[in-house]
Amino acid sequence: MSLNAEAKASSSESRLLDAHELFCERDDRVLFSGLNFSLDAGDLMQVQGSNGSGKTTLLRILCGLNSSYEGEIRWQGEDIHDMREEFQAALHYIGHRAGVNKVLTARENLRWSVALHRQVSDTDIDDALARVGLLGYADVVCRNMSAGQQQRVSLAGLLLSPARLWVLDEPFTTLDVKGVKILENLLVQHVEGGGAVLVTTHHQLDVAWNLRRLNLDGLSR
Amino acid sequence: MSLNAEAKASSSESRLLDAHELFCERDDRVLFSGLNFSLDAGDLMQVQGSNGSGKTTLLRILCGLNSSYEGEIRWQGEDIHDMREEFQAALHYIGHRAGVNKVLTARENLRWSVALHRQVSDTDIDDALARVGLLGYADVVCRNMSAGQQQRVSLAGLLLSPARLWVLDEPFTTLDVKGVKILENLLVQHVEGGGAVLVTTHHQLDVAWNLRRLNLDGLSR
Amino acid sequence: MWLWFSKLGSPKWFYELSSKWLPWLYVAMTILLSVGLVWALLFVPQDYQQGDTIRIMYVHVPVASISLACFPLMAVAGVITLVWKMKLADMVAKCAAPIGAWFTAVALATGAIWGEPIWGTWWVWDARLTSMLIQFFLLVGVIVLRSAIESPDSAAKACALLSIVGAINVPIIKYSVEWWNTLHQPASDFSMDQNSATGPEIWVPLVIMIIGVYCFFVISLILSTRNEVLQRERKSKWVVDIVNSAKG
Amino acid sequence: MSGKSPVKVSTFSAFRATLRRDLLIALKRRNDMLNPLMFFLIVVSLFPLGVSSDPAELTRIAAGTVWVAALLASMLSLDNLFRADYEDGSLEQLILSPQPLYFMVLAKNIAHWLISGLPVVIMSPLLAYMLYLPSESYWALVVTLLLGTPVLSLFGSIGVALTVGLGSRGLILAVIVLPLTVPVLIIGAKAVADVSLGLDVSMHYALLGAILAMAFTLAPFASAGALRISVN
Amino acid sequence: MSGKSPVKVSTFSAFRATLRRDLLIALKRRNDMLNPLMFFLIVVSLFPLGVSSDPAELTRIAAGTVWVAALLASMLSLDNLFRADYEDGSLEQLILSPQPLYFMVLAKNIAHWLISGLPVVIMSPLLAYMLYLPSESYWALVVTLLLGTPVLSLFGSIGVALTVGLGSRGLILAVIVLPLTVPVLIIGAKAVADVSLGLDVSMHYALLGAILAMAFTLAPFASAGALRISVN
Ligand code: HEM
Ligand SMILES: Nc1ncnc2c1ncn2[C@@H]1O[C@H](COP(=O)(O)OP(=O)(O)OP(=O)(O)O)[C@@H](O)[C@H]1O
Ligand SMILES: Nc1ncnc2c1ncn2[C@@H]1O[C@H](COP(=O)(O)OP(=O)(O)OP(=O)(O)O)[C@@H](O)[C@H]1O
Ligand SMILES: [Mg+2]
Ligand SMILES: [Mg+2]
């Protein structure tokens, strides 16, 4: 993938994300306080924790979707608030909801969501869809897709994204065994190419890569 | 659990569900045809299949939520259309969407959904919530719960349901390791008590029970 | 009875039968319409007060009366769809809706054109016009619903249900609107029993026109239904055969 | 326990549970209960602004305006009737309950009317006053609304049930339902107007009552059927 | 590739992509495009039924009625503006895109107006005729609506953005937005009425134009901010 090449090229200093003394409480329950961690190029970090430990909350905070927190988040040394657009250009987030419009076909969905980040040709899109196992589904309306198929559409978005940092909230849900394998390989490829991944999941990732773990259970309450 | 006792008592003939020559196609793709299987008291059956193989569709057909199929479905020998209310009294379905109202608290949600099937006291409800690991969350508004916590609320419904047949569509999604264990034990308890379970999931169930498998991949297309 | 019903239910049967009927219908329509029109336009005496504008009636009344017949038709089809799950009924209903809407629109238009000389305005909030308008809304509602629902099965049932509810309402609407006020032509004027009142030279061509336009309605309905049949049955053998033979 | 065993709970208590639940939800979102009312108020007050502020003028259009506003208010408040339940899956639970769906739907309709219909009815005299409706018509207004708004809810719920599965919102519902509600509007508005002309309107009430009775018995069936179709 | 690298795509092409997408969605549900129109038609025709069918009477309320109906139509069609995107998560994608949110929101607003506002404007003379609006006012009606409906869309989208996260629908939006749009309604309706009185209305047009300009520049910012709040 060309984007990996690019990635290597531009990863002069390898420190990407810095979370400094993060604190968050939601209706009177402290989820985490004094949370420090950093993400370098090539890091694949799994955020762990029991239900309600604050994984989703943390991820949304890091993306800037949730601003009810204290502490500081830096992207390549700068506070993300000072460089929102640059940061967002380097970020690809997939949340609990896949971000797939039910009325549009798989291709149309990707055409738009990718176009927000970079030019893309239909052939690229079809390749991406094929690689996530949706060959022949490019023109199926997403409402008529199964839960897992819709999830795969949003994964195809990952393939096309120029972003360097991937933040994925339980991307494995509703994926079948093959789907899981595909995604795991994807993650490894991305970090190999100098990207970084922050992922929450309850299932055991088996990837040929040294997996960093961030466990929120200790911190909560 | 008292319901198990009852169950044993009344399970004179053990054949519960019969699916006969089921055929279903969705927009021109045959999902399954000539599908036969039956469920006896004490059966724990996992419906398998890759994404889009038709698991959800099958489950909804069996529950009577989806009527665009051919073939016959019998409950204890009778066609379900001739005895809808009896069948539904013996059925508990949990779909991709948990059936949890975001505005209500966990307790209020259960109070209603259980009341559709049987009288229930608040203490029962609180016990059930405790058993699914939501002790102290009884009065939390469900909007303020995490994905997994909401899932657990609907599982608590299972504990309180008098139904003999459980039909669960990917109930393990968003559950953490503890949650998964809880649910697995629940399933075993239910089938031990003479109930029957039909469950789809992509993760490996490890249960101390001989698991029956129904694979849809062969059948589709 | 049942045999007959299921037979009638089969789109194939309908397709073959309709191909037998169509020619006759074509003939009947051309004769009736040409005779009716020529008679209406050339030989019907001028109306003593309305002058030549009376001739519009020969389009307006048939069209209007058909557009009234459309909703009951859809409702019946709806019942058949829901009770006997007959695919063909739904296809007919689906095709009837837009055609009915067009007829209603034409009735409104011709009515308006007629109104211009008679009432000096294109539109008045008179009972029958209004109830016609509301029926038009109902029809559009059915069409919109049909297209809004993706799965054809659900769409079929949903529209069936809506048309039935609508059909129950139509008389209520008609009644309430008439009761609300009326300055439209009373229906009696042209009804058969007192044809003496207005001479046969007036109503005979009208009857001819009505039957002719009915033929036109049936034909257009059959044609679009045949389309629908081919659409939905495109995978079944007999359609494939037809297509191949057409390809030659 | 088994399928053969009698249903574990009386239909009535299930009915009550559903009714209580819906009222509870409404109570939780207390200011949502204000919305139909506010909408009613705002729409009505748009007319003096948009049309004219001349009392004589307003008096003439008062009855109709209030009725149309009430019609729209209850139409729009309907959108929440089944939507939330559909999206969070509660609707499937309801449909799969061993209770006759007719009563469950009825419970939801009643709850909805108590929440969004009744306040409008109670509020109407105030607005009538703002539009200089002759005071002798107030009673007629309240009575007709009291008979009419439930019909709107009942008819409306059919439309909601038919459209609950669709992505697009609000308008399609109105397009389907509004034409069905024309008779109620006509009779209601006419009754109010006629009273101020000193005519006898018992006939109008009778008509509205008849329509209400019909709607009460038939509409929930239609809604129930429509719901089954929509979840399919 | 890296955060430092220049944004990969021009804001304009992202703007175009968003615009095209929304129009495409509308096109897919072609008959949904009928809804605002039909709603407009139906609401307008409710008035003769509710108020009176006397031409003189209708003439007087014509301008106001058409305007109120247009107001409601564009208000209700707004509900679909961000809702679907919020529910399927596209909205988060939009907010996290490296593009200035202002333009993305603007694109969605423009698409929405083309779909639901423009048809209403085009249709309005017909309805004006049915309400016996004096023919010399047709132009005024069309022009004011042409200037006014975009303002409604723009203001409306602020309300939608604020309420998109809430369960309850439709009404709360109307309650928030309608008051904001009152000035437009007043000026628009008055302009139409004044024309039929033979008065000069260039002033009204100027005012509407000014409001439109303001809304065009400011409203999308407000909407963007509101969206960020809603997803939080
Ligand atoms: C938009 C305007 C109008 C509409 C929507 C309309 C609609 C209708 C309808 C629904 C019928 C009933 C047909 C039937 O029952 O078989 C009808 C019949 C008739 N209309 Fe109109 N009409 C309109 C204008 C007019 C005008 C301006 C006149 C002339 C004064 C007129 C004269 C008649 C007559 C004479 C009949 C035949 C009555 C009968 O067959 O029962 N209509 N029109
Ligand atoms: N609403 C629908 N209309 C038409 N076709 C549909 C619809 N929903 C799903 N399908 C098709 O039916 C097939 C089966 O869908 P279903 O949801 O049953 O799959 P599944 O086995 O549940 O997959 P998953 O594991 O992802 O949940 C899919 O291939 C999909 O394309
Ligand atoms: N909208 C909200 N408002 C207030 N509190 C919330 C909200 N959403 C979640 N919470 C609380 O924040 C805590 C963390 O929620 P979060 O969704 O981050 O958990 P999670 O780690 O993602 O759990 P899961 O594994 O189930 O997704 C939960 O205990 C929940 O009670
Ligand atoms: Mg989470
Ligand atoms: Mg599934």
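Proteins get letters first, then strands, A, B, ... in listed order; numbering begins at 1 in each. The model shown is predicted, which means the values in this text are computed figures rather than measured ones.
Considering every non-hydrogen atom in both Gly52(B) and Ser146(A), the closest pair reads N-OG, 3.2 Å. Taking each heavy atom of Asp176(A) and Asn51(B) in turn, the nearest pair found is OD2-N, 2.8 Å.
For a residue to count as touching a neighbouring chain, one of its non-hydrogen atoms must lie under 4.5 Å from one of that chain's; by this rule Thr56(B) does not touch chain A. The contact between His96(B) and chain A is made entirely by side chain atoms (from C-beta outward), counting heavy-atom distances below 4.5 Å.
Note that CZ of Phe172(B) is 15.0 Å distant from NE2 of His203(A), once rounded to the nearest 0.5 Å. Within the model, atoms CG of Leu175(A) and OG of Ser50(B) stand 11.5 Å from one another, a figure rounded to the nearest 0.5 Å. We find the CZ-CE distance between Arg26(A) and Met145(B) to be 13.5 Å, quoted to the nearest 0.5 Å. Atom NE2 of residue His202(B) and atom NZ of residue Lys178(A) lie 10.5 Å apart, to the nearest 0.5 angstrom.
Applying the side-chain hydrogen bond (donor to acceptor under 3.5 Å, both in side chains) criterion to Ser121(B), with sequence neighbours excluded, gives Thr123(B), Asp124(B).
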Just do the side chain to side chain contact (heavy atoms under 4.5 Å, CB included) check on Glu170(A) and Thr174(B) with the steps written out, would you? CA-CA 7 Å; Glu170(A) 303 197 5; Thr174(B) 71; 3.4 Å; yes
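Residues of residues 148-157 of chain A having a heavy atom under 4.5 Å from any heavy atom of chain B, listed by number: Gly148(A), Gln149(A), Arg152(A).
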